[in-house]
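Numbers restart at 1 for each chain; the letters A, B, ... are given by sequence-line order, proteins then strands.
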Number of protein chains: 4
Amino acid sequence: MNSSHRLDDPAGDQDGDRPGHRADRRSERARRAILNAADDLLVEVGYAGVTIEGIAARAGVGKQTIYRWWSSKADVLMDNFSTDARSELALPDLGSVREDLMTYLRQLALFLTEAPAGAVLTALIGQAQHDRAMAATFRDAHLAEHRERERVLLRRGIVRGELRADLDVDAALAELIGPVYYRVLVTGEPVGPAFTDALVTSFLSNRALTA
Amino acid sequence: MNSSHRLDDPAGDQDGDRPGHRADRRSERARRAILNAADDLLVEVGYAGVTIEGIAARAGVGKQTIYRWWSSKADVLMDNFSTDARSELALPDLGSVREDLMTYLRQLALFLTEAPAGAVLTALIGQAQHDRAMAATFRDAHLAEHRERERVLLRRGIVRGELRADLDVDAALAELIGPVYYRVLVTGEPVGPAFTDALVTSFLSNRALTA
Amino acid sequence: MNSSHRLDDPAGDQDGDRPGHRADRRSERARRAILNAADDLLVEVGYAGVTIEGIAARAGVGKQTIYRWWSSKADVLMDNFSTDARSELALPDLGSVREDLMTYLRQLALFLTEAPAGAVLTALIGQAQHDRAMAATFRDAHLAEHRERERVLLRRGIVRGELRADLDVDAALAELIGPVYYRVLVTGEPVGPAFTDALVTSFLSNRALTA
Amino acid sequence: MNSSHRLDDPAGDQDGDRPGHRADRRSERARRAILNAADDLLVEVGYAGVTIEGIAARAGVGKQTIYRWWSSKADVLMDNFSTDARSELALPDLGSVREDLMTYLRQLALFLTEAPAGAVLTALIGQAQHDRAMAATFRDAHLAEHRERERVLLRRGIVRGELRADLDVDAALAELIGPVYYRVLVTGEPVGPAFTDALVTSFLSNRALTA
DNA sequence: TAGTAAGCGAGACGGTACGTCACGTCTTAAC
DNA sequence: GTTAAGACGTGACGTACCGTCTCGCTTACTA
């Protein structure tokens with residue numbers, strides 16, 4: 001469903017040059033114009049208002065060029081997401097799980113409610129409810145990486161001896177992160193620091209090895 | 001945005017009869033056909049495949065009849081939702097918070113992942129990510145009631161002396177219910193009894209007054 | 001392929017009212033706007049430049065309204081053709097075959113080379129060379145009538161005793177009319193009165209009963 | 001508009017791009033593949049279905065190679081036409097105008113209705129109705145030669161003393177050939193030997209010097 | 001008990017966007 | 001310097017639905 005990128009990536013193109021591999025002449029200019037146009041439009045007119053025609057017009061590009069490399073507007077938006085999320089959701093490493101988790105959850109709440117890339121994320125999650133194939137792609141190609149980075153937070157706590165070695169990391173993540181998404185996606189309630197801090201406190205009061 | 005129903009409701013029509021008010025001749029037959037057609041279509045072709053034209057055709061109804069009483073396909077689907085959810089998410093009352101919560105969360109997980117009405121709910125939450133006005137209506141007219149019933153579960157625990165009187169009920173609900181929605185809406189991980197039971201256990205180990 | 005017209009025709013609606021016949025709510029306004037737009041465009045930009053989108057835009061009409069009643073741009077153009085041709089190619093009746101034929105052929109030559117409706121006709125004949133189905137429709141629904149009127153010219157001559165009763169009317173028409181079309185469609189040579197008069201003279205010198 | 005060919009054809013170069021061909025000269029292989037592909041496609045999918053992309057794909061050739069040497073699909077098809085027409089419409093020379101004309105008209109009728117090259121011709125005439133520039137090219141570069149050869153038929157009759165010296169040859173050709181084209185292009189009626197023979201008989205009964 | 005007005009089914013209408021096709025131009029690498 | 005390949009911007013295709021708007025029609029209340 002999704003496309004490969006950065007074909008022209010100057011640094012680090014250690015492409016295997018597999019036999020039968022042809023030079024790809026994809027236009028980097030068009031690729032960037034499309035991704036930017038899509039992001040801009042999402043912010044300006046909302047997900048429902050984003051159209052392939054609109055992206056093409058704004059990017060100064062033919063519709064076919066979009067369809068050649070992406071399968072839908074969701075696919076275009078996914079393309080930017082990981083990059084943006086990676087930079088805006090940097091993993092904290094402050095020396096203790098408590099601080100790391102508190103920092104991360106605060107950051108996540110802000111990301112989801114304030115950042116443009118957060119709006120992309122919630123829109124994509126919304127779309128995933130309507131489209132199983134897109135949901136699968138989204139999880140595999142984008143959320144998985146995101147999630148793996150979150151696991152690291154907890155694993156560091158285990159290594160440090162702050163958390164039990166037999167902790168069910170995925171369940172713990174659901175317990176910590178789930179309430180944040182729940183408020184953002186379902187109830188629309190605010191997700192302030194008090195709320196996220198309390199989640200961490202509650203979590204640690206059960207699992208922390210050290211008082 | 002939404003509509004009121006059962007205008008033809010045979011029993012209990014104690015209509016206010018304001019001056020100049022004319023009896024309404026809305027067709028109950030059409031109303032039911034539309035709601036059923038919408039639900040059927042959602043299951044058969046998915047949210048994105050549901051269209052007003054499709055509902056009208058399947059229900060044997062003119063499009064105008066739909067637009068006369070509802071504002072969108074989301075509005076039609078919302079109409080069924082509360083009714084269905086009420087009956088399928090009956091509140092347990094088994095004498096202890098632990099059991100009530102465990103039962104309820106298991107039920108909720110099943111509802112969200114297996115029930116047709118659960119599919120309607122996740123579709124509507126998906127749509128809410130793309131449409132702020134619809135999101136507001138949905139929360140006010142449908143989720144609010146749903147949520148109020150969930151609060152009762154915890155309030156009963158307080159009354160029974162199982163939970164502290166100063167418990168932040170909304171935060172507690174987010175902590176219990178959020179992880180379930182998170183898995184359903186975001187990660188797609190299974191949500192089995194072990195997972196939901198653990199959520200209750202974890203929750204109570206922090207808040208329970210009685211060991 | 002083609003459509004029926006004048007559904008709203010006030011006078012002369014001696015419609016058989018066959019059982020099951022429903023009143024049609026087709027918009028006469030849209031019908032006329034489309035036909036006029038198509039004719040105008042043909043003159044302004046030529047057949048190849050006429051597009052369904054262009055007709056729709058010029059007529060202030062949705063594309064679907066065109067597709068609902070016609071199958072292609074050729075179908076739209078055919079629709080005007082018979083009406084126009086009927087009025088611009090009035091059959092002369094001057095008392096002698098010689099005069100009738102000379103008048104008619106001069107008229108035909110002018111029609112084909114000068115009249116807007118003549119441009120429609122040659123464009124449609126051109127299209128018929130590329131599209132067998134359209135060719136069949138065109139002949140059955142439009143040329144047939146046209147041609148039948150031409151036969152009348154010769155039949156009147158037979159009735160008057162100016163031509164032999166066993167004249168092969170269709171072959172005679174080909175002999176008279178064919179050269180005119182040939183010059184217009186194939187060679188592009190001018191088709192002046194001297195040319196058409198000579199065709200009549202040549203024809204009659206073989207078939208005329210009366211010197 | 002049209003192109004010149006056989007750049008490699010100094011004197012009888014019947015090569016098929018033999019090994020050792022110059023890569024910086026026009027490829028005869030490509031030229032032939034393109035012309036053949038175009039002819040094949042015309043027969044298989046009809047004029048409207050022939051596309052430059054289709055020709056390129058079928059010929060195993062880049063689109064640019066077509067555009068480099070021809071200006072349009074009509075131009076490609078014209079290229080084959082004269083060659084084919086020359087060989088399939090050989091001028092008869094049987095000693096008398098009557099026999100020559102009868103033979104030629106029968107041949108022409110068959111060519112137009114049965115031969116692949118005849119289908120090319122009618123398609124080109126059709127296209128000429130939509131495109132004035134192409135029409136001019138077609139007449140100058142292809143029909144003119146064709147037509148000149150037809151004049152020879154009549155001039156031989158004049159030389160032989162069978163036709164009057166002051167015969168208007170072009171008008172006579174229109175009278176003889178026009179009806180054939182008319183039936184093929186316009187009415188779609190069959191054009192059998194009886195019809196064409198009658199044309200010749202009718203023509204000669206007016207112009208023949210010798211009874 | 002006849003008239004009348006609302007709701008109904010039907011579906012035409014002006015639109016927007018879809019996803020596809022082919023256009024004619026362009027760039028690249030291979031020979 | 002031509003070739004096969006194919007990406008590009010452009011623009012039309014024909015389709016699906018949108019939400020609005022009449023059309024008769026049926027029905028049940030009012031006058």
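- Between the P atom of dT27(E) and the CD atom of E28(A) lies a distance of 18 Å, rounded to the nearest Å.
- What separates CD of Q64(B) from C1' of dC13(E) is a distance of 13 Å, to the nearest Å.
- Between the C1' atom of dT2(F) and the CD1 atom of I66(D) lies a distance of 15 Å, rounded to the nearest Å.
- Phosphate contact (OP1/OP2 of dA4(F), side-chain N/O of R68(D), threshold under 4.0 Å): absent.
- Phosphate proximity of dA10(E) to R25(C): absent, as no side-chain N or O sits under 4.0 Å from OP1 or OP2.
- Side-chain atoms of K73(C) come within 3.5 Å of backbone atoms of Y47(C) as a donor-acceptor pair (strictly under, hydrogens ignored).
- Following rounding to the nearest Å, Y67(C) (OH) and dG11(E) (C1') show an atom-to-atom distance of 20 Å.
- One interatomic measurement links the two molecules: CZ of R31(D) to C1' of dT3(F), which rounds to 17 Å at whole-angstrom precision.
- The side chain of A30(D) lies closest to dA4(F) when the candidates are dG7(E), dC26(E), dA4(F).
- The number of heavy atoms from other shown groups lying within 6.0 Å of CZ (R132(C)) does not exceed 12.
- Distances shorter than 4.0 Å separate none of the side-chain N or O atoms of T65(A) from OP1 or OP2 on dA7(F).
- Listed pair W69(D) / dT3(F) meets the phosphate criterion, a side-chain N or O lying under 4.0 Å from OP1 or OP2.
- Between the CZ atom of R26(C) and the P atom of dG11(E) there is a distance of 16 Å, given to the nearest Å.
- Between the side chain of D131(A) and the backbone N or O of Q127(A) there is no donor-acceptor pair closer than 3.5 Å.
- One finds no side-chain N or O of R29(C) lying less than 4.0 angstrom from the OP1 or OP2 phosphate oxygen of dC21(F).
- In this structure Q64(B) satisfies the side-chain hydrogen bond (donor to acceptor under 3.5 Å, both in side chains) test with no other residue, sequence neighbours excluded.
- In this structure, CD1 of I34(C) is placed 12 Å from P of dG15(E), rounded to the nearest angstrom.
- Of all the heavy atoms in A123(A) and H130(B), the pair that sits closest is O-NE2, 3.0 Å.
- Cation-pi geometry between R26(A) and W69(A) is met: under 6.0 angstrom from the ring centre, within 45 degrees of the axis.
- Proximity of a side-chain donor or acceptor of N80(C) to a complementary backbone N or O of L35(C) within less than 3.5 Å is detected.
- Nearest-nucleotide mapping onto DNA chain F: of K73(B) and K63(A), the residue sitting toward the 5' end is K63(A).
- Relative to the side chain of V61(D), the nucleotides dA4(F), dT20(E), dG9(E) differ in distance, and dA4(F) lies closest.
- What separates CZ of R32(D) from P of dT3(F) is a distance of 14 Å, to the nearest Å.
- Using a 4.0 Å cut-off on heavy atoms, none of the residues of residues 50-57 of chain C approach DNA chain E.
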